[in-house]
Amino acid sequence: MANLIELAKQQIEALLEGACVCAAASGALPSADKPDGAVEIPKTDANGDFAATHALGGARAMKMNPRKIAEALIAGLDLSGSYFSACEAAGPGFMNFTLSDKWYAAVLDAIEAEGERYGESDIGGGERVMVEFVSANPTGPMTIGNARGGVLGDTLAAVLGKTGHNVWREFYVNDAGNQVELFGQSIEARYLQICLGEDAVTFPENGYHGDDIRALARLIYERDGDKYVETDPVTRRNAFTAFALPHNIALMKEHLERYRIYYDRFFLESELHESGAVAETVQLLTDNGYTYEQDGAVWLKNTDFGADKDEVLQRSNGFYTYYAVDIAYHRNKFIGRGFDRVIDVLGADHHGHAIRFKATMTAPALGIGDKTLDFVIMQMVRLVRDGETVKVSKRTGKALTLNDLLDEISVDACRFFFNAKPDTHLEFDLGLAVRQDSENPVYYVQYAHARICSLISALAEDGYAVPSAKDIDVAVLKEAPERDVLKQLSMLPEELRLAARDYDPSRINRYVIELAARFHRFYNACRIKGEADDVLKARLKLADSVRIVLKNSLDILGVSAPEKM
RNA sequence: GCGCCAAUAGCUCAGUAGGAUAGAGCAACUGCCUUCUAAGCAGUAGGUCAGGGGUUCGAAUCCCUUUUGGCGUGCCA
């Protein structure tokens with residue numbers, strides 16, 4: 001559970017505290033109070049391994065030149081036994097620290113000791129977090145947008161799990177309501193067209209035009225023939241959706257598993273209706289004076305909670321809206337099941353809902369209290385083919401489905417590619433994506449892993465096993481490429497912490513690319529086979545540590561780490 | 001109209017709880033395999049960080065404003 005970045009920063013703060021006391025005692029500084037400042041990792045190595053800005057921060061209060069403050073502090077520093085071998089003043093007043101062998105050795109120790117758990121931390125404190133993601137309508141196949149939401153939600157859940165949260169993955173199935181009604185009507189129309197001819201039935205205006213609807217109708221017809229032609233429409237549609245929904249849900253589950261996404265639960269909307277939770281929730285809101293009636297519908301006074309508009313909870317025809325159901329669902333998450341934090345991953349086309357819904361959930365009577373509801377809004381995926389944007393629509397059935405995509409592109413490439421920063425638009429080039437070559441950074445990373453595995457087995461044939469950290473001298477790893485690898489290895493716990501804090505698991509993609517790049521550089525610059533014994537062992541240990549960290553990172557991303565390529 | 005997200009190299013993108021000379025991949029050009037995997041490495045070239053103000057020792061990063069693009073603003077979900 002060691003975060004060497006964190007430890008180094010903490011140690012610098014402690015060292016500076018001592019330096020302040022020392023500098024004040026000698027009269028070099030007017031005060032023994034440590035000025036405000038931060039410890040950062042400089043962009044260029046020329047500025048040391050860590051840089052402290054305290055002297056810059058203290059300039060105003062101490063009425064001194066920051067450079068002079070830095071020099072006074074450095075004079076009072078006692079680095080003996082620390083993670084640092086040197087510190088010098090630079091620029092306007094930065095204090096640049098150089099890491100010592102003790103720190104580098106600690107990195108290798110931590111990786112060896114923690115193995116496949118290296119990178120993990122307990123900062124989440126066991127908080128119970130639900131991540132709800134994809135939640136695609138079961139009225140049709142999942143699309144390329146779901147491909148993005150899928151990896152985002154799944155890797156976010158993985159990141160939260162690695163940082164000490166108790167994570168639950170959930171898929172919310174809209175198996176009730178208007179869309180399902182329309183779904184039933186669409187299948188009905190296709191079914192009757194099969195039985196009575198294409199022109200005998202008009203297709204519902206807002207119906208689902210996809211081929212999958214025709215296929216469902218065909219399945220029903222093959223099973224039951226034309227026996228539903230004479231059935232009354234309501235019974236008929238109920239029979240159709242009773243068949244089609246479980247069929248589609250099973251299919252979604254299958255495709256998600258192909259994508260290496262496994263849920264703790266598929267939560268059915270219909271359960272909320274059947275249990276009376278929706279009616280109960282609307283009643284609760286009404287009892288607390290949060291609602292009013294207008295035009296025969298029940299409205300929620302959402303503007304009272306800071307939203308820009310009110311919402312209909314119950315339509316004039318008596319049906320509850322998705323909004324009422326969603327409130328009931330979130331009460332179920334927080335109160336019914338006791339989650340401390342709920343994260344909903346949504347597409348940008350729902351961001352308006354997210355803002356208004358967050359306002360709603362602050363309503364005191366709902367009893368959410370200080371529990372957290374967060375939304376991760378991901379921007380749309382723009383499909384590009386031959387440089388032109390491809391328009392897709394689920395309604396008209398022209399969307400590229402997740403399953404089609406996985407037929408063309410490896411799961412590894414897909415998961416790596418779609419795990420982009422949530423708040424930027426993602427351009428997906430169909431021409432590029434089908435190419436399984438070096439264009440895709442996933443191969444670059446996997447290649448590094450395969451290279452190391454091959455290297456280790458080659459050395460094993462020469463009689464060299466990967467040594468234990470205590471049996472190598474880290475001091476021989478003194479070349480810049482070696483140090484760069486060690487530093488990057490140390491970053492994984494910190495990257496995970498930041499990825500969890502910012503809900504941005506794509507940090508791990510960037511991390512792992514950089515680690516692979518540093519390894520490839522090291523590999524080209526430093527030979528292992530044929531070197532002196534101590535150098536060979538130390539480098540072999542370094543390479544093996546990279547292997548472990550690459551594997552751990554790729555596991556989080558749900559990408560395989562091949563031993564041969 | 002109002003609201004949310006964005007705009008960084010020719011293309012795709014990093015970099016934002018303010019730090020030192022703004023980075024990478026692709027594309028272009030030059031090199032590196034009789035030695036551990038060349039799906040790799042080294043190097044060259046490429047920038048008014050959309051425009052304009054402001055805050056300060058310091059701004060791609062924070063604030064204001066303009067422009068451009070995506071999305072939202074349903075008794076759909």
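Residue numbers start from 1 in every chain, and the chains themselves are labelled A, B, ... in the order their sequence lines are given, proteins ahead of strands. Quick caveat, the model's predicted, so the values are computed rather than measured.
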* Asked: Considering every strand shown, what is the Watson-Crick or G-U wobble mate of B/rC75 when both distances are under 3.5 Å?
  -> none
* Structure fact -> In whole angstroms, the gap separating C1' of B/rA77 from OH of A/Tyr208 amounts to 8 Å
* Asked: Has A/Lys43 got a side-chain N or O lying under 4.0 Å from the OP1 or OP2 atom of B/rA20?
  -> yes
* Structure fact -> Under a 3.5 Å limit on both distances, the Watson-Crick or wobble mate of B/rA20 is none
* To do: State whether the side chain of A/Glu408 and the backbone N or O of A/Leu405 hold a donor-acceptor pair below 3.5 Å, judged by distance alone.
  => no
* Asked: What is the nucleic acid contact for A/Asp502, judged by heavy atoms within less than 4.0 Å: base, sugar-phosphate only, or nothing?
  -> nothing
* Asked: With a 4.0 Å cut-off on heavy atoms, is A/Ala354 in touch with a base, just the backbone sugar-phosphate, or nothing at all?
  -> nothing
* To do: Please answer whether the main-chain N or O of A/Gly318 pairs with a side-chain N or O of A/Gln314 as donor and acceptor at a distance below 3.5 Å.
  => yes
* With a non-hydrogen cut-off below 4.0 angstrom, is A/Ile513 in contact with a base, only sugar-phosphate, or nothing? -> nothing
* **A/Glu495/A/Arg510 salt bridge by N-O under 4.0 Å criterion** => no
* Base orientation of B/rC33, syn vs anti, 90° cut from 0 -> syn
* Describe the nucleic acid contact of A/Ala348 in one word from base, sugar-phosphate, nothing, applying a heavy-atom distance below 4.0 Å. => sugar-phosphate
* When we call it a touch if two heavy atoms are under 4.0 Å apart, what does A/Glu311 touch: a base, just sugar-phosphate, or nothing? -> nothing
* To do: Tell me whether the OP1 or OP2 atom of B/rG15 has a side-chain N or O from A/Lys421 closer than 4.0 Å.
  => yes
* When we call it a touch if two heavy atoms are under 4.0 Å apart, what does A/Cys526 touch: a base, just sugar-phosphate, or nothing? -> base
* Within the stacking criterion (centroid distance below 5.5 Å, interplanar angle below 30°), does A/Phe94 stack on B/rG19? -> no
* Asked: Which part of the nucleic acid, if any, lies within contact of A/Ser454, taking any heavy atom under 4.0 Å across all strands shown: a base, the sugar-phosphate backbone alone, or nothing?
  -> base
* Give A/Arg527 one of three labels, base, sugar-phosphate or nothing, depending on what nucleic acid heavy atoms sit under 4.0 Å from its own. => base
* Taking every non-hydrogen atom, the tightest pair across A/Ala500 and A/Thr163 -> CB-OG1, 3.6 Å
* Asked: Which nucleotide, in any strand shown, forms a Watson-Crick or G-U wobble pair with B/rU48, with both distances under 3.5 Å?
  -> none
* To do: Give me the ring orientation class for A/Tyr208 and A/Phe183: parallel if the planes are under 30° apart, tilted from 30 to 60°, perpendicular past 60°.
  => perpendicular
* Asked: Base, sugar-phosphate, or nothing for A/Asp308, non-hydrogen atoms under 4.0 angstrom?
  -> nothing
* Are A/Leu515 and A/Leu492 side-chain neighbours, meaning at least one heavy-atom pair lies under 4.5 Å? -> no
* To do: Searching all strands shown, indicate the nucleotide that pairs with B/rA6 (Watson-Crick or G-U wobble; both distances under 3.5 Å).
  => B/rU68
* To do: Hunt down the Watson-Crick or G-U wobble partner of B/rA59, both distances under 3.5 Å, from any strand shown, or write none.
  => none
* B/rA77 OP1/OP2 closer than 4.0 Å to side-chain N/O of A/Tyr320 -> no
* Asked: Looking for any heavy atom pair under 4.0 Å, which part of the strands does A/Tyr523 touch: base, sugar-phosphate only, or nothing?
  -> base
* Contact class for A/His520 (heavy atom, under 4.0 Å): base, sugar-phosphate, or nothing? -> sugar-phosphate
* Asked: Across the strands shown, which category fits A/Asp462 at heavy-atom distances under 4.0 angstrom: base, sugar-phosphate, nothing?
  -> nothing
* Under 4.0 Å between a side-chain N/O of A/Arg356 and OP1 or OP2 of B/rG3, yes or no? -> no
* State the pairing partner of B/rG31; accept Watson-Crick or G-U wobble contacts with both distances under 3.5 Å, and report none otherwise. => B/rC41
